[in-house]
Amino acid sequence: MKFFAGVVVTVLVVLAIGGFIFATGRFNVAATTPPDVADKVAPWVLDKSIKRGAKSVTDPVSKDTNAVALGLSHYRENCLPCHGAPGVEPAEFHEGMNPAPPEIESEDLQHASDAELFWVIKNGIRMTGMPAFGGNHSDEEIRHIVAFVRHTPQLTDAERQALKTGAGEEHHHDAGAGEEAHSHGAASPAASPAPAASASPHHH
């Protein structure tokens with residue numbers, strides 16, 4: 001009984017200290033804050049949350065043979081400034097982001113399953129700068145982005161050029177109810193392959 005009472009008291013003290021820190025503005029929310037306990041706990045919480053959310057995703061990658069080219073356009077417009085690409089630098093502002101956006105070809109990101117990538121792109125991650133694209137992109141457009149993300153380790157020179165300049169990219173938005181799909185720009189980059197099978201055993 002004494003042990004249980006001690007646990008309760010400890011929890012209440014921790015909550016009281018936390019409440020005091022938060023209520024008095026002593027919790028530093030600046031992006032320049034050095035790594036602290038939140039940076040150690042957050043990745044674990046994030047990983048568990050993403051894995052749980054991804055269980056509801058059943059069809060994460062587009063089967064369209066032009067998915068990589070379509071995904072490239074969406075990626076350039078929405079993702080490139082933060083995540084960059086092999087041989088293509090992200091925007092300068094990404095250096096001030098905390099937590100830092102992962103490089104798109106990084107092992108941690110590419111090791112995520114297709115379902116996890118789809119879930120993150122659609123739902124975003126709060127308090128990280130990662131927006132939810134499900135609000136203005138259809139599921140199929142998000143599948144195109146997943147296909148391109150998987151393809152980024154094998155970018156062609158034409159695709160790098162398209163990412164840098166937008167030249168030759170293809171940009172389609174799926175049709176809404178009663179609307180026709182529309183495109184901007186010329187044909188897709190030459191020789192853009194269909195989504196390549198991933199080497200990671202966790203992708204499907």
Side-chain angles (χ1 to χ4, degrees), residues 49-86 88 90-91 94 101-106 109-126 128-156 158-198 200 202-204:
S49 180
I50 292 174
K51 288 185 183 301
R52 180 181 177 86
K55 290 180 180 179
S56 63
V57 179
T58 58
D59 189 20
V61 183
S62 174
K63 298 175 177 61
D64 188 334
T65 57
N66 206 32
V68 169
L70 294 169
L72 183 153
S73 180
H74 289 292
Y75 183 88
R76 179 179 183 272
E77 182 177 349
N78 298 285
C79 315
L80 185 66
C82 290
H83 297 283
V88 186
H94 96 285
E103 294 180 351
I104 206 65
E105 73 273 24
S106 68
L109 192 150
Q110 288 293 335
H111 189 68
S113 71
D114 294 335
E116 289 168 350
L117 289 177
F118 180 96
W119 189 89
V120 169
I121 295 169
K122 181 172 182 175
N123 296 283
I125 303 173
R126 63 179 180 175
T128 66
M130 175 65 195
F133 290 106
N136 53 10
H137 287 71
S138 69
D139 282 0
E140 183 62 10
E141 288 173 328
I142 293 173
R143 293 183 189 108
H144 293 158
I145 298 173
V146 173
F148 178 75
V149 169
R150 285 293 180 224
H151 173 69
T152 50
Q154 295 87 39
L155 285 182
T156 66
E159 288 163 343
R160 288 191 182 88
Q161 186 64 22
L163 285 170
K164 291 177 180 178
T165 66
E169 72 172 359
E170 184 171 308
H171 188 177
H172 287 192
H173 282 280
D174 289 345
E179 296 179 356
E180 294 184 358
H182 59 278
S183 63
H184 303 285
S188 59
S192 290
S198 175
S200 169
H202 302 286
H203 288 171
H204 300 288

**Asked** Side chains of Asp59 and Asp139: closer than 4.5 Å at any heavy-atom pair?
**Response** no
**Request:** Going by the side chain to side chain donor-acceptor pair (under 3.5 Å) test, name the single residue among Glu105, Arg150, Glu103 that passes it with Gln110.
**Result:** Arg150
**Request:** Nearest 0.5 Å please: distance from the CG atom of Leu117 over to the CD1 atom of Ile50.
**Result:** 9.0 Å
**Prompt:** Under the side-chain contact (heavy atoms from CB on, under 4.5 Å) criterion, do His83 and Tyr75 qualify, and how do the steps go?
**Reply:** CA-CA 9 Å; His83 297 283; Tyr75 183 88; 3.3 Å; yes
**Asked** Is the side chain of Glu77 donor-acceptor paired with the backbone N or O of His74 at a distance under 3.5 Å, no angle test?
**Response** no
**Message:** Counting C-beta onward and ignoring hydrogens, is there a side-chain heavy-atom pair between Thr152 and Pro86 closer than 4.5 Å?
**Reply:** yes
**Request:** Quick one: pull up CG in Asn78 and CG in Asn136 and give me the separation to the nearest 0.5 Å.
**Result:** 7.0 Å
**Prompt:** Minimum heavy-atom separation for Asp64 to Glu140, with atom names?
**Reply:** CB-OE2, 4.4 Å
**Item:** From CA spacing to verdict: side-chain contact (heavy atoms from CB on, under 4.5 Å), Glu159, Val68
**Value:** CA-CA 10 Å; Glu159 288 163 343; Val68 169; 4.0 Å; yes
**Asked** At their closest point, which heavy atom of Pro102 faces which heavy atom of Leu109, and how far apart are they?
**Response** CG-CD1, 3.7 Å
**Item:** N/O donor-acceptor pair under 3.5 Å between Ser73 side chain and Leu70 backbone
**Value:** no
**Asked** Is there side-chain contact between Asp114 and Phe118, with heavy atoms separated by less than 4.5 Å?
**Response** no
**Request:** On the 0 to 90° scale, with breaks at 30° and 60°, tag the His137-Phe133 ring pair as parallel, tilted or perpendicular.
**Result:** perpendicular
**Item:** Residue pair Met130 / Val120: nearest heavy atoms and the distance that separates them
**Value:** CE-O, 3.8 Å
**Point-to-point distance, once rounded to the nearest 0.5 Å, from CD1 of Ile142 to OG of Ser62** = 12.0 Å
**Prompt:** Is the backbone of Ser113 close enough, under 3.5 Å, to the side chain of Glu116 for a donor and an acceptor to pair up by distance?
**Reply:** yes
**Request:** Hey, could you give me the CZ/NZ distance between Arg143 and Lys63, rounded to the nearest 0.5 Å?
**Result:** 7.5 Å
**Message:** If I take atom NZ from residue Lys51 and atom CH2 from residue Trp119, how far apart are they, to the nearest 0.5 angstrom?
**Reply:** 12.5 Å
**Complete:** Heavy atoms of Ala162 and Leu72 approach each other most closely as CB-CD2, 4.0 Å
**Message:** Restricting to non-hydrogen atoms, name the atom on Pro90 and the atom on Pro81 that form the minimum distance, rounded to 0.1 Å.
**Reply:** CB-O, 3.2 Å
**Fill in**
In terms of heavy-atom contacts, Leu163 and Leu155 come closest through CD1-CD1, 3.8 Å
